[in-house]
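Position 1 is the first residue of the sequence; numbering continues from there. Order of appearance sets the numbers: ligands from 1, and atoms from 1 within every ligand. Only this structure's heavy atoms are used, side chains among them; waters, hydrogens and symmetry mates stay out.
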Amino acid sequence: MNTNRLSKTIAEALNAQMTKEAHASQIYLSYGAWAESRGFSGISNFFFRHAAEERNHMMKILEYILKRGAIVDVVAIPAPPENPKNINQCFERVFKHEVDNTKSIYAVVKLSLEEEDWATWNFLQWFVKEQIEEETMAMNMLDKMKIAGGEKASDEALLTLDKDLEHTPDDARSAEDVTTAQP
Ligand code: OFO
């Protein structure tokens, strides 16, 4: 008896989104390593935490696909882009990555609507909401960067920003405390 509750199209789209979340995790991991190697441990701490959050997003989708009786396809994760040229470019890219991911989630939501797959539509609403937070986080980063002087930010201003980020993420749960249900 076939117990698969996802259509081929939806299963493929969810699998692709799962890989996209894994890719996002790799991107933030690479930015964290890059920032740390340049001495910005606050910024790096922020990115390492965010990398763990993206991995949890990946797991959340993986668990949903399994729960619906479909096949999970674990495939190669594309390499992250080359390192940013500076902190300003790094934060600009973060915003772009997040908007990109939002569009990709919207495309799967649209599919679920077209197929009247209300379970998947409902499942994806968590991601729609989460992306509002993710985009806000990226916008806040860009705002802080603008205040620090943008492309022309002095070492002193960048150091203050770095110190700030060393503490801000401490308000959030650490990677070990999050679960796939509550990334
Ligand atoms: Fe998975 O939320 Fe960012 O990309």
Practice item. Measure across Ile65 and Ile71 and return the closest heavy-atom pair with its distance rounded to 0.1 Å. Key: CG2-O, 3.6 Å
Check your understanding: Any chain of hydrophobic side-chain contacts (each under 4.5 Å) joining Phe40 to Met137?
Key -> yes
Practice item. Tell me whether Met58 is reachable from Val74 by hopping between hydrophobic residues (I, L, V, M, F, W, Y) whose side-chain heavy atoms are closer than 4.5 Å. Key: yes
Pairs under 3.5 angstrom, nitrogen or oxygen on both sides, ligand 1 versus protein: list them out, please.
residue	atom	partner	partner atom	Å
ligand 1	2 (O)	Glu54	OE1	3.1
ligand 1	2 (O)	Glu54	OE2	3.1
ligand 1	2 (O)	His57	ND1	3.1
ligand 1	2 (O)	Gln131	OE1	2.8
ligand 1	2 (O)	Glu134	OE1	2.6
ligand 1	4 (O)	Glu54	OE1	3.3
ligand 1	4 (O)	Glu54	OE2	2.9
ligand 1	4 (O)	Glu98	OE1	2.9
ligand 1	4 (O)	Glu98	OE2	3.0
ligand 1	4 (O)	Asn101	ND2	2.9

Practice item. Check the angle between the aromatic planes of Tyr31 and Phe47 and answer parallel, tilted or perpendicular using the 30° and 60° thresholds. Key: perpendicular
Check your understanding: Please walk me through it: do Lys20 and Asp100 pass salt bridge (charged side-chain N to carboxylate O under 4.0 Å, His left out)?
Key -> CA-CA 10 Å; Lys20 206 165 165 63; Asp100 227 46; 3.8 Å; yes
Point to revise | hydrophobic_cluster_shared for Leu124 and Trp118, side chain cutoff 4.5 Å | key: yes
